[in-house]
Each structure stands twice: as C-alpha cells, then as structure tokens.
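Naming convention: chains lettered A, B, ... in sequence-line order (proteins, then strands); numbering from 1 in each chain.
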Number of protein chains: 2
Amino acid sequence: MHDGDEGAGPAGRRKDARRNKANLLEAAAAVFVVQGVDAPVREIAARAGVGVGTIYRHFPTRADLIVAVYRHQVDACAEAGPRLLAESPSPHTALERWIDLFVDFLVTKHGLAAVLQPGAGFDALHAYFLDRLVPVCGHLLDAAAGEIRADIEPYALMRGVGNLCIGADNDPRYDARRLAALLVAGLRRAG
Amino acid sequence: MHDGDEGAGPAGRRKDARRNKANLLEAAAAVFVVQGVDAPVREIAARAGVGVGTIYRHFPTRADLIVAVYRHQVDACAEAGPRLLAESPSPHTALERWIDLFVDFLVTKHGLAAVLQPGAGFDALHAYFLDRLVPVCGHLLDAAAGEIRADIEPYALMRGVGNLCIGADNDPRYDARRLAALLVAGLRRAG
DNA sequence: GACCATACGGAACATCGTTCCGTTTTGCCA
DNA sequence: TGGCAAAACGGAACGATGTTCCGTATGGTC
C-alpha cells in the first residue's frame, strides 16, 4: 500500500522533475521547522525556487507533502515498537517508552499534531499515521493486556496522545510528555 | 475583572446598538451550532441582518464573540466546582465529575476545543477560560491532594483535558470523555 | 425641527489555497 | 546535430476569507 509507487529511484520521470521534487522536500522541511506545517505554499515554493504550480503537481494536497517530509521518521517510530517490546522489562514499560517516542516526535514538529486529526482537511496525513502506527500500538496493547484495562482501542489511544501534543511547543507550562505518561498510567489495571 | 464593563443593562449606548449586539449574539450562537465556531464572519452578519463592520465594532476579535456566546455556560461550569466538592463522596470523585462536566461542554460545541489553545489567535478566549476554570481546578486538586500525585499543575490538567476534546464530535471511534477519565485516573496515587 | 455624535453597511484591501494555460525544457529520434 | 512532441514549469488569475475604512443613516437631544 505504501511501497514503491513513488520511490526515489530514477524512474521514467524527467530529470528536472526529480530535482524539483527533491528541492521541494528540502525546502518544505526547512520551512516547517521555522514556520510550522501550516506555512504558506508560496513560501515553500519560493524557498525551493519553483512556482506554486510545481508544488501542486508533485504534491496534490498539503498532506502529501507533509507525509513525504516525515515519512522516514514515522516509519522509524513504527519500527521501534517491536524492538522496544523485546528490549523492555515488561510490555507495559514498552508501551510507555513507545508513547514517549511518539510524543517526542510530535512535539518537535511545529503544528503537526494539530493537523493530524480527521476532518482537518489533511485526510491523507491522518490516514498515513493511522496505517503505520495503529497496528503497532495494537500490538503493544495486546502484549500488555494482562497489565492494563482491556477496553481501550488502539485508535482511540493514538488520537488521545496525538491530541495531547497539540500546542505543546512554545508553552513551558504545558508538558505533553508528562500528560501522555499520565494517560498511559491511567490505563493500568487498578492494583 | 469580568464585571460590569459591558453589562446587559441599558447603558449610555444607543438603542439600535444594543439591539444589534443582541441579534449578533443570537445569530452567532445559532450559526456556531451548525457550522462551528469557525463559521465565516459574513455568515453571522447575514444571519443577524447586519453588515460585517457591525460585528467588528461590537466584537473586535472573534474570541470576544465566542466568549460572549459561551460566557454563561463557562461560568456555570466554574460554579459547579465547589458544589460538586460538597456533594461528592470524595474530592477525587468531585474532580472526576467536574472534568466530565467540562468535557461534556466542550465536545458539544463544535470546534471550540480547537481554538481554545494559546497561539491560535484567540487569546482572549484562552484567557477567559483559564481565568474562570483554572482556579476551580486548582481548588479541586488541592482538596484531593491526599488521593492524587501532587505534581500536576491545574493549568496543565485543564489544557490536557481541553486538548483531548478536540475533534471529539463526529468521530464515533473517539470518546473524549473516556480518555479524560483515564487521564484523571492516571492522577491517582498508586495504591 | 435641526443638529451632531453614534452607529451602520458594505465596498475595498490583504492573504491564502487552488486552478489553469501559455511557455520552456527535456529526452529522443532521424 | 537539429528538430519535435511530450512533460514539466511558472505565475497570473480566481475564489474564499478576515479585516479595515469611510460615506451615509439613525437616534437622542436641545
């Protein structure tokens, strides 16, 4: 589903098209760091030295652009799940650590958590995160079933944690990591 | 701080101004229910039968309009805190119930939770909610100090719960009430 | 009834996402 | 090498929205 349909290989596309796409990704990443993922399209286009039409040709929706920029990091997070499960002293600890990883990722990407929700006009983004991360979360929850209340859906947990990360940057009084940890703690079966 | 500076009384203002302001509030409330608090300014103006200039004259920022529409309900929520504390079997239960009340309020106001955060361009809205609700939350937390981990700030808790409510409407798979309850459960001192 | 401060309405401006099409570039083939 | 067709480009143009501004209408008062 998410494989070679637009791989980096020198497929049949023209050279300038590949170069522009790469420039666009680099420019978008740079602009996102400073202005957040809501940065004006014209800004990204200017930074990449292309016209706005070129952005839309390569990335029909903004979600496509954001996914392309962060795909590697999302994948890395997904792949960390099984590894943490193997390395951690208990499944619940693995879940805690994995959520921490996810939160760290989100809070360092200005504005990303906010556009992660459904109905925000970034459906492809929402779908990609869900496709990659919900199964991992479900796996961790299953493994930890004995230690936690069983009645939480992976989807709901991911959305909850994602929501907690909204606006977590530039507010020293709000620590999303801590709240996410509290939420996971609340999952624990009452002793 | 929040008293008679713009009370409903027939102050020195002109009659048509008062009437328009009332129409505007009614129209905004009606439009918010259907379109959410992000509804276009022109829509609200048309519904109230006034020009857009009239909106900006009465409510310089959208936050002012939203605050005016929901002020009564926010106040009611604030006032419910002490009452719940008196009525509930334990302070922690009072906190649970009060959070429930707050969540119920937020999830039924389409898009309100999303604009509640700082830096969203609705600072007056954010400030009003904080002024009214953080002290109440702090009071409940203090009362429940023996039952919970002491190291959570009222501000952080309110923001966390508010965040959990974002996008909770129109998604049957996401139950903000439940996640907020989980978060409060996570506050409980480990038995 | 006249006058003026108050308030009004909506045109005008700025910003942003998105589309569209005339022009340029690239790769290929003779 | 020179020419050509498809691919890609750039940015003007469009639509939606928030916000400002000012000529006009209204309300209260003398």
Side-chain angles (χ1 to χ4, degrees), chain A residues 6 9-28 31-32 34-69 110-111 114-115 119-125, chain B residues 6 9-28 31-32 34-69 110-111 114-115 119-125:
Chain A
E6 54 177 32
R13 310 191 323 267
R14 262 167 52 171
K15 190 196 330 177
D16 55 346
R18 283 199 304 276
R19 175 175 44 80
N20 278 332
K21 188 165 186 174
N23 287 158
L24 236 13
L25 278 175
E26 188 176 0
V31 172
F32 286 174
V34 184
Q35 310 225 21
V37 297
D38 293 311
V41 177
R42 286 165 177 78
E43 185 94 9
I44 300 168
R47 178 72 125 91
V50 304
V52 292
T54 301
I55 285 198
Y56 284 96
R57 197 168 312 107
H58 287 293
F59 306 100
T61 74
R62 179 182 291 264
D64 294 320
L65 177 57
I66 300 176
V67 167
V69 168
H110 194 111
V115 296
F122 299 90
D123 291 346
L125 180 64
Chain B
E6 53 177 30
R13 307 183 334 259
R14 260 168 52 171
K15 191 196 328 178
D16 56 345
R18 283 199 304 275
R19 175 175 45 78
N20 278 331
K21 188 165 185 175
N23 288 156
L24 237 12
L25 278 174
E26 189 176 0
V31 172
F32 286 174
V34 185
Q35 311 223 22
V37 297
D38 293 311
V41 178
R42 286 164 177 77
E43 186 95 6
I44 300 167
R47 178 71 126 92
V50 304
V52 292
T54 301
I55 286 200
Y56 284 96
R57 197 167 312 107
H58 288 293
F59 307 101
T61 76
R62 179 182 292 264
D64 294 319
L65 177 57
I66 300 177
V67 167
V69 168
H110 193 113
V115 296
F122 298 90
D123 292 345
L125 179 64

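- Across all strands, Gly49(A) comes closer than 4.0 Å only to sugar-phosphate atoms, never to a base (heavy-atom distances).
- Taking only side-chain nitrogens and oxygens, His58(A) comes nearer than 4.0 Å to OP1 or OP2 of dC9(D).
- In this structure, the CG atom of Asn23(A) is 14 Å from the C1' atom of dA8(D), given to the nearest Å.
- Listed by chain and residue number, Val31(A), Gln35(A), Pro40(A) satisfy the side-chain contact (heavy atoms from CB on, under 4.5 Å) test with Glu43(A) (two or more places apart in sequence, or in another chain).
- Contacts of Arg19(A) classified as side-chain contact (heavy atoms from CB on, under 4.5 Å), with partners at least two apart in sequence or in another chain: Asp16(A), Asn23(A).
- For Phe59(A) against Ala68(A), the heavy-atom pair with the smallest separation is CE2-CB, 3.7 Å.
- In this structure, Arg19(B) atom CZ and dG9(C) atom C1' are separated by 13 Å, rounded to whole Å.
- Every residue meeting the side chain to side chain donor-acceptor pair (under 3.5 Å) condition with Asp64(B), not counting sequence neighbours, appears here in chain and number order: Thr61(B).
- Every residue meeting the side-chain contact (heavy atoms from CB on, under 4.5 Å) condition with Ala28(B), not counting sequence neighbours, appears here in chain and number order: Phe32(B), Ile44(B), Leu65(B), Val69(B).
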Heteroatom pairs (N/O) under 3.5 angstrom, protein to nucleotides 28-30 of chain D:
unit_1, atom_1, unit_2, atom_2, d
dG28(D), OP1, Lys15(B), N, 3.4

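- Counting only residues at least two apart or in different chains, side-chain hydrogen bond (donor to acceptor under 3.5 Å, both in side chains) contacts with residues 47-57 of chain A are absent.
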- Readout for nucleotides 15-23 of chain C: B = base within 4.0 Å of protein heavy atom, S = sugar-phosphate only, - = neither; 5' to 3' it is --BBB----
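- Applying the 4.0 Å criterion to OP1 and OP2 of dC8(C), one finds that Asn20(B) has a side-chain N or O inside that range.
- Residues meeting the side-chain contact (heavy atoms from CB on, under 4.5 Å) test with Val52(A), sequence neighbours left out: Val41(A), Arg42(A), Ala45(A).
- With sequence neighbours excluded, no residue satisfies side chain to side chain donor-acceptor pair (under 3.5 Å) with Asp123(A).
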